[in-house]
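A quick write-up on the structure given underneath.
Count residues from 1 along the sequence. Only this structure's heavy atoms are used, side chains among them; waters, hydrogens and symmetry mates stay out.
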Amino acid sequence: MSPPNSLKQATAPSAGTRRWQGQIEVGRILTVASSEVVISLNKTIIRDNKLHLAQIGTILKILTSDSIVVAMVSSLEIGATDDDGLNDGCMAKLNILGEITTNPTTRETKFFRGVRTYPVLNEAVYTMSPSDLQLIFARERSECIDIGRLQQDGSIVAKVRTDDMLSKHFAIIGSTGSGKSCTVALVLQAILRSNPAGHIVLFDPHNEYSKSFGDLAEVITGETLDLPIWMFDFVETVELLTSEIEEHAREEEEILHDAILKAKRLFERAMQRGEITSQVKLDDIEHELQRASHISLDSPVPYRIRDVVKLIHHDMGKLENNSNLQPYKRLKRRIEMLIADPRYAFIFRNQAKPQALESIMGRIFRLPVNGKPISILDFSSIPSETLNVVVSVVSRLAFELASWSERQIPILLVCEEAHRYIPRDPKLGFHATRRIISRIAKEGRKYGVSLGIISQRPSELEPSTLSQCSTIFSMRLTNEVDQNFVRAAVPDGATELLTFLPSLGTAEAMVFGEAVNLPMRVLLNNLPEEYRPHSSSASFSQLWRRDTSTPELMAKVYGSWKSRSRNPEHHQTAPVPTQPAPGQVQGQPHHSQGHIPVAQHQGAPVRPTTPAHPNSKAQALSDVRNLLNAAFHRDS
């Protein structure tokens, strides 16, 4: 049953359909090897200008004693000896892909991979009939999606087996302008059309797909995303909060380890006793927080980032040697900087009353579906520095959800622009993302987590990830390095077919792998205009015909730039404090009435003041000294 407000059916292009003219002998076999044959094309084929019958990618058949051997043309060359003894004929190399045979027991005729009976020398090679192609490509008993028509015969529907594609991962690759984004939308729409209760998460770095699925999609932007830091595991938290310098990061990691563990126990203690953590004296409960409990460092239980800052400040006060303060100061300063940055609000919002785990997971992974089986995470408004952490967290949560549900909730993660956060070069960082994506690529099928890898630069991808994708949709690829990289990952022994990838047209693809019987060259279906992804290219010729830099536009641009937000009117710049308020953790500025702190604007209340401590004056002087010291040592 189709879902309500379902997507319009994509239509197949009419180009490429040819009328079948009967079985035609193309040539005769010259040599036979274990996986290929070489044929000499008939002189009549050359004379009558019918070489298109044996163009690269065309599937031909060879009759044997008890089967039909299926082979695909991989290369052509001049040099065969013709009937007159002249070397002006033409030879073609064919890759053997399988055979059509009849099971002697069930009497069922179908296509099988591999060959048991090889053709002999001088055997005739014929064109495939529509019924032959139908038997290979369109006679499927398992669940399939329709993606287009065969380039060789436009009357044959190109089908891809859904379960084989998803359970063993897939990749869609192609150069810019080859129709890659439309192919992504086409494939996902086809899946959703027959699977209205799916669970798909699409990582969208450039806001291309927000309109591609109509009201079947839950679009989550940086302004509406809620991915609190307490849902991060420790590796992800370290990658976000610590310095980029490896030596500094190691020092800060040890400090963060104890602070986060204590913050989780402090929050649980406060919830059980109805306390406010800001009013708890850490000296009084130090031994209680040190005691072992059921809460571990990676337990998905809430804690407040301001409690982490408070604990770091508390530990600084216990140090006897001031030379050991630098790691604490660096870590504390970076956390405060991130809290104040509105681009990171989706990590630090709702600190006062954290959302339940069920609510956060339900929205991202569509639990329950509620008519929206796909969630689109629009990363265009979040900082590129945190893209790694967000992808890592969501991917790990998907893996853990599928694992704990014992494969009852299969999830598909579609990674657009995957080379950005799963890079080949480990020096580029993204260690947390590489770790979890690599694990999903290797173990995901056991737990019901599928990967869709989308990239225009496959040579920049982490190699083992692409090699785990058993089905590949290859669009036009013009870069030779990318072609060689894909060639190593392509199954079926059909790597020579990739030599013509640079000449593929827009919305044309080669499909290889486990989800199809044979590698096939496909003219992809046309998407309705209203469901096509946004173009990521600026229209220079139109925008340069008139001056668009109006004062109103530039005011909006500069406002967004200064506030580091797409919606600058939603954020107010907080005044810089000259002195901490009594009872306030250093680094959380006091705001006068009418000013909302940026990090607290989404629900984190201003910390209430506490009664003056006997040492409040000395503490205030210490805070001023620390604040000035932090200001002089702040990164430029």
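Lys61 is listed as a side-chain neighbour of Gln23, based on a closest heavy-atom distance under 4.5 Å.
Using modelled atom types and a 3.5 Å distance limit, the side chains of Glu236 and Ser392 yield a donor-acceptor pair. Using a 3.5 Å distance cut-off with no hydrogens or angles, the side chains of Glu514 and Thr471 do not pair a donor with an acceptor. Defined by atom type and a distance below 3.5 Å, a donor-acceptor pair is missing between the side-chain atoms of Glu406 and Tyr447. Between the side chains of Asn42 and Thr44, no donor-acceptor pair is found at a separation under 3.5 Å. Using a 3.5 Å distance cut-off with no hydrogens or angles, the side chains of His206 and Ser380 do not pair a donor with an acceptor. Counted by atom type alone, Arg420 and Asn388 present zero donor-acceptor pairs between their side chains at under 3.5 Å. In the model, Ser470 has no side-chain atom that pairs as donor or acceptor with a side-chain atom of His169 under 3.5 Å. In this model, no donor atom of one side chain and acceptor atom of the other lie less than 3.5 Å apart for Thr101 and Ser67. Between the side chains of Ser75 and Glu77, no donor-acceptor pair is found at a separation under 3.5 Å.
Considering CD1 of Ile156 and CG of Leu150, their distance stands at 6.5 Å, rounded to 0.5 Å. Leu186 CG to Ser212 OG: the interatomic distance, rounded to the nearest 0.5 Å, is 11.0 Å. Residue Gln152 holds its CD atom at 8.5 Å from OG1 of Thr127, rounded to the nearest 0.5 Å. Distance CG/Leu30 to CG/Asn122: 8.5 Å, rounded to 0.5 Å. Atoms OH and OG1, on Tyr421 and Thr433 in that order, are 8.5 Å from each other to the nearest 0.5 Å.
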* Mind running side chain to side chain contact (heavy atoms under 4.5 Å, CB included) on Met128 and Gln134 for me, showing each step along the way? => CA-CA 10 Å; Met128 298 286 286; Gln134 192 82 17; over 6 Å; no
* Asked: Between Val394 and Val201, is a side chain to side chain contact (heavy atoms under 4.5 Å, CB included) present by the stated rule, with each step listed?
  -> CA-CA 9 Å; Val394 174; Val201 180; 4.2 Å; yes
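For the pair Lys110 and Phe112, the cation-pi test (distance below 6.0 Å, angle within 45°) is passed.
Residues Asn517 and Phe111 share a closest heavy-atom pair of O-CE2, 3.7 Å. Across all non-hydrogen atoms, the minimal contact from Lys159 to Phe137 is CB-O, 3.9 Å. The two atoms that bring Ile46 and Leu41 nearest to each other are CD1-O, 4.4 Å, heavy atoms only.
Residues that satisfy the side chain to side chain contact (heavy atoms under 4.5 Å, CB included) test with Asn479, not counting sequence neighbours, are Arg457, Val481, Asp482. Taking Asp233 as the reference, Arg396, Arg435 meet the salt bridge (Lys or Arg N to Asp or Glu O under 4.0 Å) condition, with sequence neighbours excluded.
Aromatic rings of Phe213 and Tyr531 (six-membered ring for Trp) have centroids beyond the 6.0 Å cut-off, not under it.
Remark: the backbone N or O of Gly148 is paired with a side-chain donor or acceptor of Asp146 at under 3.5 angstrom.
The existence of a salt bridge linking Arg521 and Glu508 is confirmed by a sub-4.0 Å separation between a basic side-chain nitrogen and an acidic carboxylate oxygen.
The local environment of CG in Asn49 is sparse, with at most 12 non-hydrogen atoms from other residues, nucleotides or ligands closer than 6.0 Å.
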